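Working notes, structure below.
Within every chain, numbering begins at 1; the chains are lettered A, B, ... in the order of the sequence lines, protein sequences first and strands thereafter. All figures in this text were calculated on a predicted structure; none of them were measured in a lab.
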Protein chains: 2
Amino acid sequence: MSDYEKVCLIRGDGGSAIRGILDRIGDKWSLLVIATLDGGRMRFGDLKQHVPGISQRMLTLTLRHLERDGLVSRTSYPEVPPRVEYELTGMGRTLVGPAVSLAEWAIRHNPIIDEKRRAYDARQS
Amino acid sequence: MSDYEKVCLIRGDGGSAIRGILDRIGDKWSLLVIATLDGGRMRFGDLKQHVPGISQRMLTLTLRHLERDGLVSRTSYPEVPPRVEYELTGMGRTLVGPAVSLAEWAIRHNPIIDEKRRAYDARQS
DNA sequence: CGGTATCCAGGTCGATACTG
DNA sequence: CAGTATCGACCTGGATACCG
(Lines give C-alpha, C1' and ligand atoms only; values in the text may rest on other atoms or scores of the structure.)
Protein backbone atom coordinates (compact mmCIF):
# COMPACT_ATOMS: atom_id res chain seq x y z
CA MET A 1 0.00 0.00 0.00
CA SER A 2 1.36 3.40 -0.99
CA ASP A 3 1.80 6.24 1.44
CA TYR A 4 -0.83 8.18 -0.42
CA GLU A 5 -3.35 5.38 -0.02
CA LYS A 6 -2.52 5.21 3.67
CA VAL A 7 -3.30 8.86 4.13
CA CYS A 8 -6.56 8.45 2.26
CA LEU A 9 -7.41 5.64 4.65
CA ILE A 10 -7.10 7.93 7.60
CA ARG A 11 -8.73 10.91 5.96
CA GLY A 12 -11.49 8.91 4.30
CA ASP A 13 -14.34 11.06 3.08
CA GLY A 14 -13.91 14.15 5.14
CA GLY A 15 -12.18 12.12 7.81
CA SER A 16 -15.20 10.01 8.65
CA ALA A 17 -13.16 6.82 8.87
CA ILE A 18 -10.90 7.98 11.64
CA ARG A 19 -13.70 9.95 13.26
CA GLY A 20 -15.79 6.82 13.47
CA ILE A 21 -13.18 4.88 15.37
CA LEU A 22 -12.20 7.78 17.62
CA ASP A 23 -15.81 8.47 18.50
CA ARG A 24 -16.03 4.82 19.43
CA ILE A 25 -12.88 4.31 21.48
CA GLY A 26 -11.33 7.78 21.78
CA ASP A 27 -13.21 8.57 24.97
CA LYS A 28 -11.75 8.42 28.41
CA TRP A 29 -12.42 4.78 29.32
CA SER A 30 -13.32 2.54 26.34
CA LEU A 31 -9.83 1.40 25.43
CA LEU A 32 -8.99 0.83 29.08
CA VAL A 33 -12.05 -1.35 29.56
CA ILE A 34 -11.28 -3.25 26.37
CA ALA A 35 -7.70 -3.83 27.45
CA THR A 36 -8.87 -5.03 30.84
CA LEU A 37 -11.45 -7.38 29.36
CA ASP A 38 -8.74 -8.79 27.11
CA GLY A 39 -7.65 -10.63 30.24
CA GLY A 40 -10.85 -12.64 30.06
CA ARG A 41 -14.51 -12.56 31.07
CA MET A 42 -15.13 -10.46 34.13
CA ARG A 43 -17.88 -9.33 36.48
CA PHE A 44 -18.99 -5.73 36.77
CA GLY A 45 -17.48 -5.28 40.18
CA ASP A 46 -14.15 -6.85 39.27
CA LEU A 47 -13.97 -4.65 36.22
CA LYS A 48 -14.54 -1.62 38.39
CA GLN A 49 -11.66 -2.70 40.61
CA HIS A 50 -9.30 -3.33 37.71
CA VAL A 51 -9.91 0.00 35.98
CA PRO A 52 -8.63 2.38 38.62
CA GLY A 53 -10.46 5.64 38.93
CA ILE A 54 -13.52 4.80 36.88
CA SER A 55 -16.86 5.68 38.44
CA GLN A 56 -19.77 3.31 38.48
CA ARG A 57 -21.66 5.55 36.12
CA MET A 58 -18.86 5.74 33.55
CA LEU A 59 -18.25 2.00 33.68
CA THR A 60 -21.92 1.36 33.01
CA LEU A 61 -22.04 3.89 30.17
CA THR A 62 -18.83 2.63 28.60
CA LEU A 63 -19.98 -0.99 28.75
CA ARG A 64 -23.33 -0.07 27.18
CA HIS A 65 -21.62 1.69 24.29
CA LEU A 66 -19.21 -1.16 23.71
CA GLU A 67 -22.06 -3.63 23.89
CA ARG A 68 -24.08 -1.61 21.41
CA ASP A 69 -21.18 -1.64 18.97
CA GLY A 70 -20.76 -5.37 19.34
CA LEU A 71 -17.32 -5.15 20.93
CA VAL A 72 -18.38 -6.52 24.30
CA SER A 73 -21.02 -9.07 25.26
CA ARG A 74 -23.05 -8.93 28.44
CA THR A 75 -24.41 -11.95 30.30
CA SER A 76 -26.60 -11.51 33.35
CA TYR A 77 -27.50 -14.43 35.59
CA PRO A 78 -30.93 -14.37 37.23
CA GLU A 79 -29.66 -14.79 40.76
CA VAL A 80 -29.86 -12.91 44.02
CA PRO A 81 -27.63 -11.03 44.42
CA PRO A 82 -27.34 -10.41 40.69
CA ARG A 83 -24.26 -11.42 38.75
CA VAL A 84 -23.35 -9.87 35.41
CA GLU A 85 -20.37 -10.85 33.33
CA TYR A 86 -18.77 -9.07 30.44
CA GLU A 87 -16.34 -10.31 27.83
CA LEU A 88 -14.86 -9.19 24.56
CA THR A 89 -16.55 -10.47 21.44
CA GLY A 90 -14.49 -11.81 18.55
CA MET A 91 -14.56 -8.41 16.93
CA GLY A 92 -13.62 -6.78 20.21
CA ARG A 93 -10.51 -8.92 20.42
CA THR A 94 -9.40 -7.87 16.92
CA LEU A 95 -9.25 -4.29 18.13
CA VAL A 96 -6.62 -5.10 20.73
CA GLY A 97 -3.85 -5.48 18.15
CA PRO A 98 -4.12 -2.03 16.53
CA ALA A 99 -4.72 -0.47 19.92
CA VAL A 100 -1.53 -2.04 21.22
CA SER A 101 0.48 -0.69 18.30
CA LEU A 102 -0.71 2.78 19.21
CA ALA A 103 0.10 2.21 22.87
CA GLU A 104 3.58 1.03 21.93
CA TRP A 105 4.09 4.21 19.95
CA ALA A 106 2.92 6.22 22.93
CA ILE A 107 5.27 4.47 25.34
CA ARG A 108 8.23 4.75 23.02
CA HIS A 109 7.75 8.47 22.34
CA ASN A 110 6.38 9.70 25.63
CA PRO A 111 9.75 10.81 27.01
CA ILE A 112 10.63 12.75 23.85
CA ILE A 113 7.24 14.39 23.70
CA ASP A 114 7.46 15.44 27.33
CA GLU A 115 10.85 16.95 26.66
CA LYS A 116 9.64 18.77 23.54
CA ARG A 117 6.72 20.07 25.49
CA ARG A 118 8.88 21.44 28.26
CA ALA A 119 11.18 23.07 25.73
CA TYR A 120 8.22 24.65 23.93
CA ASP A 121 6.75 25.97 27.16
CA ALA A 122 10.12 27.37 28.21
CA ARG A 123 10.39 29.29 24.92
CA GLN A 124 6.97 30.84 25.44
CA SER A 125 7.48 32.11 28.97
CA MET B 1 5.23 -10.39 23.44
CA SER B 2 2.53 -12.16 25.43
CA ASP B 3 -1.08 -11.15 25.46
CA TYR B 4 -0.76 -10.21 29.09
CA GLU B 5 2.13 -7.88 28.36
CA LYS B 6 0.11 -6.32 25.56
CA VAL B 7 -2.71 -5.54 27.91
CA CYS B 8 -0.30 -4.05 30.40
CA LEU B 9 1.02 -1.87 27.61
CA ILE B 10 -2.37 -0.38 27.04
CA ARG B 11 -3.31 -0.19 30.68
CA GLY B 12 0.07 1.07 31.84
CA ASP B 13 0.01 2.55 35.31
CA GLY B 14 -3.65 3.25 35.75
CA GLY B 15 -3.98 3.63 32.01
CA SER B 16 -1.71 6.62 31.71
CA ALA B 17 -0.01 5.25 28.62
CA ILE B 18 -3.08 5.08 26.47
CA ARG B 19 -4.50 8.22 28.06
CA GLY B 20 -1.39 10.12 27.08
CA ILE B 21 -1.67 9.26 23.43
CA LEU B 22 -5.44 9.75 23.29
CA ASP B 23 -5.18 13.12 24.96
CA ARG B 24 -2.67 14.00 22.29
CA ILE B 25 -4.39 12.76 19.15
CA GLY B 26 -7.82 11.60 20.29
CA ASP B 27 -9.37 15.00 19.74
CA LYS B 28 -11.49 15.94 16.79
CA TRP B 29 -8.82 17.11 14.35
CA SER B 30 -5.25 16.09 15.28
CA LEU B 31 -5.11 12.82 13.40
CA LEU B 32 -6.75 14.39 10.38
CA VAL B 33 -4.20 17.17 10.29
CA ILE B 34 -1.37 14.68 10.71
CA ALA B 35 -2.71 12.52 7.90
CA THR B 36 -3.03 15.55 5.66
CA LEU B 37 0.47 16.75 6.43
CA ASP B 38 1.77 13.30 5.62
CA GLY B 39 1.29 14.39 2.01
CA GLY B 40 4.11 16.88 2.51
CA ARG B 41 4.80 20.38 3.78
CA MET B 42 1.82 22.69 3.47
CA ARG B 43 0.71 26.26 4.07
CA PHE B 44 -1.88 27.20 6.65
CA GLY B 45 -4.49 28.06 4.05
CA ASP B 46 -3.94 24.91 2.00
CA LEU B 47 -4.23 22.85 5.14
CA LYS B 48 -7.51 24.54 5.93
CA GLN B 49 -8.78 23.63 2.47
CA HIS B 50 -7.66 20.01 2.68
CA VAL B 51 -9.22 19.34 6.08
CA PRO B 52 -12.87 19.84 5.27
CA GLY B 53 -14.99 21.40 7.95
CA ILE B 54 -12.22 22.60 10.24
CA SER B 55 -12.52 26.14 11.52
CA GLN B 56 -9.63 28.57 11.51
CA ARG B 57 -9.59 28.54 15.26
CA MET B 58 -9.43 24.76 15.56
CA LEU B 59 -6.75 24.46 12.89
CA THR B 60 -4.61 26.99 14.73
CA LEU B 61 -5.15 25.29 18.08
CA THR B 62 -4.50 21.82 16.69
CA LEU B 63 -1.30 22.94 14.98
CA ARG B 64 -0.08 24.62 18.17
CA HIS B 65 -0.61 21.45 20.18
CA LEU B 66 1.09 19.27 17.58
CA GLU B 67 3.95 21.73 17.40
CA ARG B 68 4.29 21.77 21.15
CA ASP B 69 4.52 17.99 21.22
CA GLY B 70 7.16 17.98 18.49
CA LEU B 71 4.97 16.21 15.94
CA VAL B 72 4.77 19.15 13.54
CA SER B 73 7.21 21.91 12.72
CA ARG B 74 6.24 25.46 11.85
CA THR B 75 8.17 27.77 9.55
CA SER B 76 7.07 31.36 9.04
CA TYR B 77 8.58 33.51 6.31
CA PRO B 78 8.92 37.24 7.03
CA GLU B 79 7.06 38.38 3.93
CA VAL B 80 3.99 40.45 3.15
CA PRO B 81 1.52 38.84 2.97
CA PRO B 82 2.77 36.36 5.54
CA ARG B 83 3.49 32.78 4.60
CA VAL B 84 3.61 29.97 7.14
CA GLU B 85 4.38 26.38 6.34
CA TYR B 86 3.85 23.27 8.41
CA GLU B 87 5.28 19.81 8.04
CA LEU B 88 5.51 16.60 10.00
CA THR B 89 8.67 16.08 12.00
CA GLY B 90 10.45 12.73 11.92
CA MET B 91 8.58 11.70 15.04
CA GLY B 92 5.30 12.90 13.53
CA ARG B 93 5.81 10.63 10.55
CA THR B 94 6.33 7.58 12.80
CA LEU B 95 2.84 8.10 14.17
CA VAL B 96 1.26 7.61 10.75
CA GLY B 97 1.89 3.86 10.76
CA PRO B 98 0.06 2.99 13.99
CA ALA B 99 -2.67 5.47 13.13
CA VAL B 100 -3.19 3.76 9.79
CA SER B 101 -3.50 0.36 11.42
CA LEU B 102 -6.29 1.75 13.55
CA ALA B 103 -7.94 3.35 10.53
CA GLU B 104 -7.76 0.06 8.68
CA TRP B 105 -9.47 -1.66 11.57
CA ALA B 106 -12.14 1.03 11.53
CA ILE B 107 -12.78 0.69 7.80
CA ARG B 108 -12.89 -3.08 7.95
CA HIS B 109 -15.33 -3.22 10.86
CA ASN B 110 -17.47 -0.17 10.27
CA PRO B 111 -20.22 -2.04 8.41
CA ILE B 112 -20.49 -4.72 11.09
CA ILE B 113 -20.54 -2.17 13.88
CA ASP B 114 -23.25 -0.16 12.17
CA GLU B 115 -25.31 -3.28 11.82
CA LYS B 116 -24.77 -4.30 15.46
CA ARG B 117 -25.74 -0.82 16.49
CA ARG B 118 -28.99 -0.89 14.54
CA ALA B 119 -29.83 -4.32 15.94
CA TYR B 120 -29.14 -3.12 19.49
CA ASP B 121 -31.27 -0.02 19.04
CA ALA B 122 -34.09 -2.09 17.56
CA ARG B 123 -34.08 -4.36 20.61
CA GLN B 124 -34.36 -1.39 22.95
CA SER B 125 -37.30 0.32 21.28
C1' DC C 1 -2.66 35.61 4.90
C1' DG C 2 -2.54 33.85 9.13
C1' DG C 3 -3.74 34.45 12.90
C1' DT C 4 -6.12 36.19 18.08
C1' DA C 5 -10.07 37.38 21.18
C1' DT C 6 -14.54 36.62 22.80
C1' DC C 7 -18.73 34.42 23.56
C1' DC C 8 -21.62 30.55 24.12
C1' DA C 9 -24.04 25.94 23.10
C1' DG C 10 -23.50 21.25 23.80
C1' DG C 11 -21.43 17.38 25.55
C1' DT C 12 -18.57 14.63 28.93
C1' DC C 13 -17.61 13.23 33.24
C1' DG C 14 -17.61 13.00 38.42
C1' DA C 15 -20.18 13.00 42.80
C1' DT C 16 -23.95 11.72 45.13
C1' DA C 17 -28.15 9.52 46.21
C1' DC C 18 -31.33 5.98 45.45
C1' DT C 19 -33.24 1.00 43.76
C1' DG C 20 -34.51 -4.06 42.46
C1' DC D 1 -24.37 -6.52 43.30
C1' DA D 2 -25.24 -3.96 39.59
C1' DG D 3 -27.15 -0.72 38.28
C1' DT D 4 -30.34 4.20 37.43
C1' DA D 5 -31.35 9.30 38.28
C1' DT D 6 -30.03 13.79 38.91
C1' DC D 7 -27.10 17.70 39.28
C1' DG D 8 -23.37 20.57 38.23
C1' DA D 9 -18.41 21.68 36.92
C1' DC D 10 -15.56 21.54 33.29
C1' DC D 11 -14.06 21.35 28.66
C1' DT D 12 -14.35 21.28 23.58
C1' DG D 13 -15.37 23.27 19.66
C1' DG D 14 -18.20 26.44 16.51
C1' DA D 15 -19.37 31.32 15.12
C1' DT D 16 -18.08 35.73 14.79
C1' DA D 17 -15.35 39.74 14.83
C1' DC D 18 -11.12 41.91 14.71
C1' DC D 19 -5.72 42.52 13.95
C1' DG D 20 -0.62 42.89 12.06
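Under the ring-ring contact (aromatic ring centres under 6.0 Å, His included) criterion, B:H65 pairs with no residue, sequence neighbours left out. Under the side chain to side chain contact (heavy atoms under 4.5 Å, CB included) criterion, A:L32 pairs with A:W29, A:V51, B:I18, sequence neighbours left out. Contacts of A:S30 classified as side chain to side chain donor-acceptor pair (under 3.5 Å), with partners at least two apart in sequence or in another chain: A:D27. Partners of B:R118 by side chain to side chain contact (heavy atoms under 4.5 Å, CB included), not counting sequence neighbours, listed by chain and number: B:D114, B:E115. With sequence neighbours excluded, the residues forming a side chain to side chain contact (heavy atoms under 4.5 Å, CB included) with A:Q124 are A:Y120, listed by chain and number. A search for side chain to side chain contact (heavy atoms under 4.5 Å, CB included) contacts involving A:S16 returns A:D13, not counting sequence neighbours. When the side chain to side chain donor-acceptor pair (under 3.5 Å) test is applied to B:N110, the partners found at least two apart in sequence or on another chain are A:R24.
Between B:D38 and B:R93 no salt bridge is recorded (no basic side-chain N to carboxylate O distance below 4.0 Å).
Summarising the geometry, the separation between CG on A:L61 and P on C:dG11 is reported as 14 Å, rounded to the nearest angstrom. Separating the CG atom of A:L59 from the C1' atom of C:dC13 is a distance of 14 Å, rounded to the nearest angstrom. What separates CZ of B:R43 from P of C:dC1 is a distance of 8 Å, to the nearest Å.
Near DNA chain D, meaning a heavy atom under 4.0 Å away, the residues from residues 62-86 of chain A are A:R64, A:R74, A:P81, A:P82, A:R83, A:V84, A:Y86.
In summary, contact between chain A and DNA chain D, defined as any nucleotide atom under 4.0 Å from a heavy atom of the protein, begins and ends at D:dC1 to D:dT6 in the 5' to 3' direction.
Around atom CZ of B:R64, more than 12 heavy atoms belonging to other residues, nucleotides or ligands sit under 6.0 Å away.
Among residue pairs with one or both ends in residues 44-58 of chain B, none qualify as side-chain hydrogen bond (donor to acceptor under 3.5 Å, both in side chains); sequence neighbours excluded.
Contact annotation: the side chain of A:L63 approaches that of A:L47 to within less than 4.5 Å [non-hydrogen atoms, C-beta and beyond]. Counting heavy atoms from C-beta on, the side chains of B:I25 and A:L102 come closer than 4.5 Å. The side-chain heavy atoms of A:D69 and B:K116, taken from C-beta on, include no pair separated by under 4.5 Å.
When the C1' atoms of four end pairs are superposed on the next four at each end of the helix from C:dC1-D:dG20 to C:dG20-D:dC1, using five pairs per end, the two resulting axes differ in direction by 40°, to 10°.
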Check nucleotides 14-17 of chain C against the protein and report each pair of N or O atoms closer than 3.5 Å, with its distance, or say if there are none.
{"residue": "C:dG14", "atom": "OP1", "partner": "A:K28", "partner atom": "NZ", "Å": "3.0"}
{"residue": "C:dG14", "atom": "OP2", "partner": "A:W29", "partner atom": "NE1", "Å": "3.3"}
{"residue": "C:dG14", "atom": "N7", "partner": "A:R57", "partner atom": "NE", "Å": "3.2"}
{"residue": "C:dG14", "atom": "O6", "partner": "A:R57", "partner atom": "NE", "Å": "3.1"}

